[in-house]
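Remarks on the structure that follows.
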Amino acid sequence: MAKHGLKYYIPGAIALLFGIAAFCMMFLTAVSYSNGGTIVDVSYSYTGAQLAFGYTETIGEGAFEVSTTILTFNFMAFIAFLLPLVGGILALLFQNGLVTKIVTCACFVVGAVFLFSMVGFATIGMEEFQQAVVEELSASLGAGPIVGAILAILGAVVCFFKGSIAKAFDK
């Protein structure tokens, strides 16, 4: 087996950067709900971190303080942001083989599909009263999952062509 220089790890590092960037999109707006500006304008927006890990809202102060859980832990939203990061880590750690290529590309592609499906996953972790509130509102995908999914697709492309990219840097 031939020894590889530092240049051999550059495609894995690029894939890892795409995975980290896709994971960081968790902190941007993921899903927005609005009623389209009828008589009373109602809108809610949640970040990916709120959808994944939960969200509690506190109203009032002191003795009149009331805490209400809006969102609970949502495994599907969490895995949507985590899969591209896992794919990037695996791309950096393991050599370019068929199984590694399949697993890393699958992590990025499934993560991208889940990110594009974030609107459907948003109600999984919602409390019943919040589901009733947003049921009549129109939902839209935010910038975080869209950019994260695009970065995940780019990471999948890098993983798929990892051997070719490594050979290009070797010259």
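If you read the sequence from its start, that first residue is 1, and numbering goes on from there.
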Atom pair [atom1]/[atom2] of [X] and [Y] - distance to nearest 0.5 Å:
X      : Y      : atom1 : atom2 : result
Tyr44  : Met126 : OH    : CE    : 10.0 Å
Leu92  : Thr104 : CG    : OG1   : 11.5 Å
Leu51  : Thr29  : CG    : OG1   : 10.0 Å
Ile14  : Tyr9   : CD1   : OH    : 15.0 Å
Ile124 : Met118 : CD1   : CE    : 9.5 Å
Thr47  : Leu28  : OG1   : CG    : 8.5 Å

Sequence neighbours left out, what pairs pass ring-ring contact (aromatic ring centres under 6.0 Å, His included) with at least one residue falling in residues 72-95?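 Output for this query lists Phe53-Phe78, Phe73-Phe78.
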Which pair of non-hydrogen atoms, one from [X] and one from [Y], has the smallest distance, and what is that distance?
X     : Y      : value
Met26 : Ala52  : CE-CB, 4.3 Å
Gly87 : Cys107 : CA-CB, 3.7 Å
Pro84 : Gly111 : CD-CA, 4.1 Å

Please tell me whether Leu82 and Phe108 are part of a single hydrophobic cluster in this structure, the criterion being side-chain heavy atoms less than 4.5 Å apart.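 Leu82 does not cluster with Phe108.
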Between Leu17 and Met25, is there shared hydrophobic-cluster membership here, with clusters defined by ILVMFWY side-chain heavy atoms closer than 4.5 Å?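 The answer is no; the residues belong to distinct hydrophobic clusters.
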Under 3.5 Å, side-chain donor or acceptor atoms of residues 56-72 against the rest of the protein: list the pairs with distances, not counting sequence neighbours.
{"unit_1": "Glu57", "atom_1": "OE1", "unit_2": "Tyr55", "atom_2": "OH", "d": "3.0"}
{"unit_1": "Thr72", "atom_1": "OG1", "unit_2": "Gly125", "atom_2": "O", "d": "3.1"}

Not counting sequence neighbours, list each pair that qualifies as a side-chain hydrogen bond (donor to acceptor under 3.5 Å, both in side chains) and has a residue in residues 117-134.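 Residue pairs with at least one partner in residues 117-134: Tyr46-Gln130.
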Among residues at least two apart in sequence or on other chains, which ones pass ring pair (Phe, Tyr, Trp, His ring centres under 6.0 Å) with Phe121?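 Listed in chain order: Phe114.
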Clusters formed by hydrophobic residues whose side-chain heavy atoms approach within less than 4.5 Å: which one holds Leu98, and what are its other members?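 Hydrophobic cluster check, Leu98: joined to Ile102.
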Side-chain donor/acceptor pairs under 3.5 Å, residues 132-161, sequence neighbours excluded:
{"unit_1": "Ser138", "atom_1": "OG", "unit_2": "Ser34", "atom_2": "O", "d": "3.0"}

